Amino acid sequence: MFDADRWIEIWVTITRNKTRSLLTCFGVFWGILMLVILLGSGTGLKNAMFKNVDGFATNSLFFFADRTSEPYRGFNKGRYWNMRNRDVEAIQKEIKGIDAISPVIWGNRSDKNIVYGQVSGTYNVKGVYPAYFRIERQDLHFGRLLNEIDMQERRKVCLIGSRICEELFKNQDPCGKYVRVNGLYYQVVGVVKQIASGVNIGGRAESSVFLPFSTMQQTLNQGDILHFLCVSALPGYSIPQMIDEIEGLLKSQNEISPTDPQAIGVLNIAAQFSMFESLFSGIDILVWLVGLGTLLAGIIGISNIMMVTVKERTREIGVRRAIGAKPWNIISQIMSESLVLTALAGLLGLSGGVFLLDVVDRLLAAQPPDKITILNPGVNISTAVSATVILLICGLLAGLIPAWRAMQIKAIDAIRDE
């Protein structure tokens, strides 16, 4: 049951010496405040980092052909080779765990290579599979994405980036109109803008024209050569194992030594994302260590002050023991005072930290998006609950030694104390 008299007594004891109580609370307040601000800043930094890659497949791999570094089956060292359509077909058939696969070929980025009416500009040109847009996702402003029918029928259609739409069409819907791409006309079927701001494949989508892979391969008149290969893995599949399997297949199909370390270039985006995750996990651990260290200093301060309080109240404790106070009454009194002091200071620090993070978030929201290095700093509910539980446990531990010291006081000696 709620004992109002006990809590009133605790409050009177705490407020008896306001200066001491304030000094006692300050250490815990500062520790929690620092912990919340550091955790919130770490979260904001992580949000900003991953915002730059939001929309890009985190489990993606990219392969490209390089010169061989070993002679093999009559071929000399330093041979140039190219990936071909048959390689894509073999990978789709034999490699397990592939979510999306798309070869890429680059078009000629000559001066004024994209023309509409009297307006022209210089932009990137890419030939891709429809699955490409599952690896590098796009915001669709107008129309549709490329599809399998475009590929199968080698349709002369294209997607254009939002910047091209702005410069050539003044942000009007261009779907159904024709643009000249490297001398050939293609019908515009959609306008896209890349979601990820910090990573791209061969140039920003806003300044690119996307053609069906089969159509572009035919118009380039280069046979079945492809320049780049994009692959994303299904969840749960081993990325290193998939790299080894794809490299082995490419080498066997193109007469390359199985031990050649240079012939196939690999960009492992999955490893980069894993590194970022490990980095931020390390930052979180460091923040908790620093915050808990600061909090521990405050808790030690509370314990020391409670020891002084016990010494000053020796006669009072002795009298209470003499008139029949049970050991639990003395222990609960001391530990309750410690818990109240810790809880008050900690909750004020938690509230202050959340308030400051909210102020910073509002200030950052007014900045241009490309200049924001911290995004939505804050702490989630689970972190706040964890900090509160740790705080309460520390409050009880801070009062444990003073309470034990109070129990060592003998009634007769306490009454004689001057």
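Since this is a predicted model, take the numbers as computed values, not measurements. As a basis for the values below, the full set of heavy atoms in this structure was taken, side chains included, without hydrogen atoms, waters or symmetry mates.
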Between [atom1] of [X] and [atom2] of [Y], what distance do you get to the nearest 0.5 Å?
| X | Y | atom1 | atom2 | value |
| --- | --- | --- | --- | --- |
| Ile32 | Ile390 | CD1 | CD1 | 8.0 Å |
| Leu286 | Ser281 | CG | OG | 12.5 Å |
| Asp99 | Leu234 | CG | CG | 4.5 Å |
| Ser69 | Asp260 | OG | CG | 3.5 Å |
| Thr122 | Lys112 | OG1 | NZ | 5.5 Å |
| Arg180 | Tyr185 | CZ | OH | 4.5 Å |

Any [X] side-chain heavy atom under 4.5 Å of [Y] side chain:
| X | Y | result |
| --- | --- | --- |
| Arg144 | Asn147 | yes |
| Leu392 | Thr342 | no |
| Tyr129 | Val104 | no |
| Lys193 | Gln138 | no |
| Met83 | Leu250 | yes |
| Val179 | Val188 | yes |
| Pro261 | Glu70 | yes |

task: Output, in order, the C-alpha distance, side-chain angles, deciding distance and verdict of side chain to side chain contact (heavy atoms under 4.5 Å, CB included) for Asn124 and Val209.
output: CA-CA 6 Å; Asn124 305 309; Val209 175; over 6 Å; no
- prompt: What closest approach, in Å, do Val157 and Pro212 show between heavy atoms, and which atom pair accounts for it?
  reply: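 So the two residues come closest at O-CD, 3.1 Å.
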- request: Mind listing the closest non-hydrogen atom pair of Val290 and Leu38 along with its distance?
  value: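 Between these two residues, the closest heavy atoms are CG1-CD1, 3.9 Å.
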message: Please report whether the ring centroid of Tyr178 lies less than 6.0 Å from that of Tyr186.
response: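 Not under 6.0 Å, so no.
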task: Anything under 30° is parallel, anything over 60° is perpendicular, the rest tilted; go ahead and classify Phe64 against Phe228.
output: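 If you compare the ring of Phe64 with that of Phe228, the planes turn out parallel.
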Whether [X] side chain and [Y] backbone form a donor-acceptor pair below 3.5 Å:
| X | Y | value |
| --- | --- | --- |
| Ser207 | Arg204 | no |
| His141 | Val192 | no |
| Ser60 | Ala57 | yes |
| Thr43 | Leu39 | yes |
| Arg155 | Asp150 | no |

- request: Decide if atom CD1 of Ile381 counts as having more than 12 heavy atoms of other residues, nucleotides or ligands within a radius under 6.0 Å.
  value: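 Check fails, neighbour count at 12 or below.
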message: Is it the case that over 12 heavy atoms from other parts of the model lie below 6.0 angstrom from the NZ atom of Lys77?
response: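 No, the 6.0 Å shell around NZ holds no more than 12 heavy atoms from other groups.
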message: Taking the cut-offs as 6.0 angstrom to the six-membered ring centre and 45 degrees off its axis, would you call Lys126 and Phe210 a cation-pi pair?
response: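 Not flagged: Lys126 not positioned over aromatic ring of Phe210.
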- request: Before giving the answer on salt bridge (charged side-chain N to carboxylate O under 4.0 Å, His left out), spell out for Lys46 and Glu277 the whole-Å C-alpha distance, their side-chain angles and the decisive distance to 0.1 Å.
  value: CA-CA 9 Å; Lys46 183 177 181 179; Glu277 288 285 0; 3.8 Å; yes
task: Report the C-alpha distance between Leu226 and Val88 in whole Å, list the side-chain angles of each, state the deciding distance to 0.1 Å, and finish with yes or no for side chain to side chain contact (heavy atoms under 4.5 Å, CB included).
output: CA-CA 10 Å; Leu226 59 99; Val88 180; 3.5 Å; yes
task: Would you check, one step at a time, whether the test side chain to side chain contact (heavy atoms under 4.5 Å, CB included) holds for Phe63 with Ile246?
output: CA-CA 9 Å; Phe63 300 86; Ile246 293 177; 3.7 Å; yes
message: For Gln241, give me all partners under side chain to side chain donor-acceptor pair (under 3.5 Å), at least two apart in sequence or on another chain.
response: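 By the side chain to side chain donor-acceptor pair (under 3.5 Å) rule, Gln241 matches Glu245.
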- request: Give the intermediate values and the outcome of side chain to side chain contact (heavy atoms under 4.5 Å, CB included) for residues Phe133 and Val128.
  value: CA-CA 9 Å; Phe133 302 106; Val128 298; 4.1 Å; yes
- request: Verify whether one side chain among Arg79 and Asn254 offers a donor that lies under 3.5 Å from an acceptor in the other.
  value: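 Result is no, nothing qualifies.
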